Amino acid sequence: MTVTIAKWTVDDYHRMIEVGLLESRHVELLNGEIIEMPPEGLEHAYLGDEVGKYLSNLLGKSARVREARPITLPNNSEPEPDLAIVKPFGQIYRQHHPYPEDIFWLIEFSNISLVKDLDVKRKTYAAAEIPEYWVVDLKHRQLNVFRQPVNGDYVETVTLTAGEIVPVAFPDIKVPVQQLLG
């Protein structure tokens with residue numbers, strides 16, 4: 001006997017949300033699978049708020065920083081990255097979550113979910129051609145930067161513990177790594 005896992009589409013997932021099936025659960029859709037999300041720890045929540053505010057002030061009206069809100073990807077995924085830096089389309093996001101072409105880069109603050117963020121989410125974002133993905137590793141106090149998605153993975157990777165990082169979409173902006181690490 002073989003075991004077959006039921007895969008869900010974004011439309012299936014939205015219907016489940018609409019009828020309240022997932023109401024009391026903190027989940028996200030990744031590659032057609034509904035994944036439980038662990039609760040945020042204190043540092044995770046604090047840094048998400050602080051870095052979100054910092055980036056909002058730094059980027060001004062050139063981008064919108066969405067905190068823990070869904071994005072819709074073509075690979076039957078609707079994850080909720082800690083921070084999504086997206087095009088400032090305003091009202092259009094009442095009709096749909098940001099699509100890959102609307103996203104400048106994504107940031108995850110990671111402790112418990114580090115393995116998932118560095119593997120499954122990295123590949124999911126690369127397959128959707130998200131140009132840049134940062135994972136703030138709270139355990140090891142480092143920033144993992146992934147750029148240039150090609151064939152479902154990122155070609156360029158770098159790990160930083162100090163210095164500054166310049167987002168690909170905003171070459172005139174420098175973000176101190178320590179700002180991200182707290």
Side-chain angles (χ1 to χ4, degrees), residues 24-30 34-73 77-90 93 97-98 100 102-126 128 130-149 153-154 156-182:
S24 62
R25 302 182 86 167
H26 193 190
V27 297
E28 64 185 351
L29 183 67
L30 284 177
I34 298 172
I35 309 292
E36 294 269 1
M37 294 171 45
E40 289 184 354
L42 295 173
E43 186 175 33
H44 185 151
Y46 171 78
L47 284 173
D49 284 346
E50 291 302 307
V51 173
K53 286 181 216 167
Y54 175 80
L55 290 175
S56 288
N57 290 333
L58 188 64
L59 295 166
K61 294 183 180 185
S62 59
R64 171 116 177 137
V65 179
R66 290 172 50 106
E67 297 182 37
R69 299 285 183 251
I71 59 174
T72 302
L73 307 179
S77 296
E78 197 163 275
E80 298 182 16
D82 292 319
L83 298 176
I85 298 79
V86 301
K87 294 178 181 174
F89 289 154
Y93 295 133
H97 300 304
D102 306 327
I103 299 169
F104 294 118
W105 86 94
L106 300 174
I107 301 174
E108 294 282 1
F109 295 92
S110 192
N111 193 347
I112 296 170
S113 62
L114 183 61
V115 171
K116 177 180 78 170
D117 293 338
L118 290 175
D119 184 38
V120 176
K121 278 199 171 180
R122 183 194 84 234
K123 291 175 184 173
T124 299
Y125 295 152
I130 304 298
E132 186 164 14
Y133 173 47
W134 298 358
V135 177
V136 179
D137 178 345
L138 300 174
K139 282 183 185 178
H140 304 104
R141 313 301 302 165
Q142 61 190 22
L143 173 65
N144 297 285
V145 178
F146 303 96
R147 294 177 169 163
Q148 296 179 334
D153 209 347
Y154 288 95
E156 181 184 329
T157 64
V158 66
T159 301
L160 304 169
T161 57
E164 297 175 325
I165 181 77
V166 176
V168 171
F170 299 96
D172 297 336
I173 292 177
K174 295 178 182 175
V175 179
V177 171
Q178 285 305 310
Q179 182 73 40
L180 300 165
L181 300 175

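What's counted below: heavy atoms across the whole structure, side chains too, no hydrogens, waters or symmetry copies. Please read these numbers as outputs of a predicted model, since none were measured by experiment.
Both the sub-6.0 Å distance and the 45° axial angle are not jointly satisfied by Arg64 relative to the ring of Tyr93.
Counted by atom type alone, Asp137 and Ser110 present zero donor-acceptor pairs between their side chains at under 3.5 Å.
When all heavy atoms of Leu181 and Val136 are compared, the closest pair comes out as CD2-CG1, 3.8 Å. Contact record, Pro167 with Ile173: CD-O, 3.3 Å, taken as the closest heavy-atom pair. The shortest non-hydrogen separation linking Pro98 to Pro70 is CD-O, 3.6 Å. Shortest non-hydrogen contact noted between Tyr154 and Ile130 is OH-O, 2.8 Å. Here the closest heavy-atom approach between residue Ala169 and residue Glu132 is recorded as N-OE1, 4.5 Å. Here the closest heavy-atom approach between residue Pro100 and residue Leu73 is recorded as CG-CD2, 3.7 Å.
For Gln178 (side chain) and Thr161 (main-chain N/O), a donor-acceptor pair under 3.5 Å exists by modelled atom type. Side-chain atoms of Glu164 never come within 3.5 Å of backbone atoms of Lys174 as a donor-acceptor pair (strictly under, hydrogens ignored). Judged by distance alone, with hydrogens and angles left aside, the side-chain atoms of Asp82 form a donor-acceptor pair with the main-chain N or O of Phe109 at under 3.5 Å.
Taking Ala63 as the reference, Leu59, Ile85, Phe104, Phe170 meet the side-chain contact (heavy atoms from CB on, under 4.5 Å) condition, with sequence neighbours excluded.
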Evaluation steps, side chain to side chain contact (heavy atoms under 4.5 Å, CB included), between Leu106 and Glu108:
CA-CA 7 Å; Leu106 300 174; Glu108 294 282 1; over 6 Å; no

Test side chain to side chain contact (heavy atoms under 4.5 Å, CB included) on Trp105 and Val168; report intermediate values, then the result.
CA-CA 8 Å; Trp105 86 94; Val168 171; over 6 Å; no

Going through the distances and angles, do Val175 and Tyr54 end up as a side chain to side chain contact (heavy atoms under 4.5 Å, CB included)?
CA-CA 9 Å; Val175 179; Tyr54 175 80; 4.2 Å; yes

Trace of the side chain to side chain contact (heavy atoms under 4.5 Å, CB included) decision for Leu47 with Leu138
CA-CA 10 Å; Leu47 284 173; Leu138 300 174; 3.5 Å; yes

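Between Thr124 atom OG1 and Glu78 atom CD the span is 13.0 Å, to the nearest 0.5 Å. Remark: Glu43 CD to Asn111 CG distance equals 7.5 Å, nearest 0.5 Å. Taken to the nearest 0.5 Å, the OG1 atom of Thr72 stands 8.5 Å off from the CD1 atom of Ile103. Atom-to-atom distance recorded for Arg141:CZ and Leu180:CG is 10.5 Å, nearest 0.5 angstrom.
Ring planes of Tyr133 and Tyr125: perpendicular class, angle over 60° (limits at 30 and 60°).
No more than 12 heavy atoms of other residues, nucleotides or ligands sit less than 6.0 Å from atom CZ of Arg69. Around CZ of Phe89, the count of heavy atoms belonging to other residues, nucleotides or ligands within 6.0 Å exceeds 12.
Taking a cutoff of 4.0 Å between a charged side-chain nitrogen and a carboxylate oxygen, Lys53 and Asp49 do not qualify as a salt bridge. With respect to Glu36 and Lys116, no salt bridge is recorded, no charged nitrogen being found less than 4.0 Å from a carboxylate O.
Checking each of Arg66, His97, Glu28 against Glu80 for a side-chain contact (heavy atoms from CB on, under 4.5 Å) leaves exactly one that passes, namely Glu28.
Residues Pro81 and Ile107 have side chains not in contact (no heavy-atom distance under 4.5 Å, counting atoms from C-beta outward). Inter-residue side-chain proximity for Thr159 and His140 is flagged as unmet; no heavy-atom pair is nearer than 4.5 Å.
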